[in-house]
Amino acid sequence: MTKPKISSDWMAGCAGCHMSLLDIDERIVQVAELADLRATPITDLKEPDASGVDVGILEGGINNTANEEVAHRMRKRSKILVALGDCAVFGGVPALRNFCGIQEALQRAYIDAESVDESGKIPSDPELATMTKVRALSEVVPVDVFVPGCPPDADVIFYVLAELAQGRKPELKDELLHWH
Ligand code: SF4
């Protein structure tokens with residue numbers, strides 16, 4: 001039987017959700033027996049398969065056009081799309097800037113704060129923030145499975161991966177969800 005393919009990628013956030021994925025430790029062997037892990041934190045592949053995957057996992061909010069492209073690409077290539085972590089589920093930490101506006105957030109980060117950048121200028125890198133608001137993944141593309149948490153527990157990620165690898169839709173019961 002052909003194993004389902006799983007790929008992951010990230011957008012705006014801290015990559016902590018992918019670190020939590022690594023925290024499933026040796027249980028990754030069980031997942032690898034059930035699924036073909038393509039571009040994930042445990043492989044060297046950085047790009048999700050152009051040929052498509054059964055499960056695409058995205059971490060992070062949508063902060064700029066590059067993030068938006070990642071979201072559309074993964075949606076197009078995945079039969080099932082998973083929003084991993086609070087940033088993907090509802091905008092999370094990056095979306096805190098929505099409360100004060102992009103210019104004020106950049107001013108606070110790059111001009112007012114002492115520790116971030118000593119140039120005294122707001123960088124012009126378009127990757128930084130090209131959208132007035134950070135959006136959740138589901139505001140840009142349809143999402144099939146939501147996995148909240150900042151980051152989600154490794155136990156939750158293992159459960160979700162194992163269920164998806166066996167062709168089942170995971171049901172996240174209250175006892176599996178923890179907020180730190
Ligand atoms: Fe980082 Fe939390 Fe966002 Fe995951 S949900 S990317 S751990 S800030």
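In this text the structure is predicted, and so the values were computed from the model without any measurement. Counting starts at 1 for both ligands and their atoms, following the listed order.
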Does a side-chain N-to-carboxylate-O contact under 4.0 Å join [X] and [Y]?
X: Asp25; Y: Arg27; value: no
X: Arg97; Y: Glu104; value: no
X: Asp54; Y: Arg77; value: no

- Item | Test item: Asn64 side-chain N/O and Asn67 main-chain N/O as donor-acceptor pair under 3.5 Å | yes
- Are Ser78 and Leu58 close enough that some pair of their side-chain heavy atoms sits under 4.5 Å apart? no
- Query: Counting each atom of ligand 1 from 1 as listed, which ones have a heavy atom of Gly149 under 4.0 Å away?
  - Reply: 5 (S)
Name the atoms and distances for all side-chain donor-acceptor pairs under 3.5 Å in residues 138-146, with sequence neighbours left out.
{"unit_1": "Glu139", "atom_1": "OE2", "unit_2": "Ala136", "atom_2": "N", "d": "2.8"}
{"unit_1": "Asp144", "atom_1": "OD2", "unit_2": "Arg75", "atom_2": "NH1", "d": "3.1"}
{"unit_1": "Asp144", "atom_1": "OD2", "unit_2": "Arg75", "atom_2": "NH2", "d": "3.3"}
{"unit_1": "Asp144", "atom_1": "OD2", "unit_2": "Leu81", "atom_2": "N", "d": "2.7"}

- Task: Run through the protein N/O/S atoms less than 2.8 Å from atom 3 (Fe) of ligand 1 and write them out by chain and number.
- Result: Cys87 SG
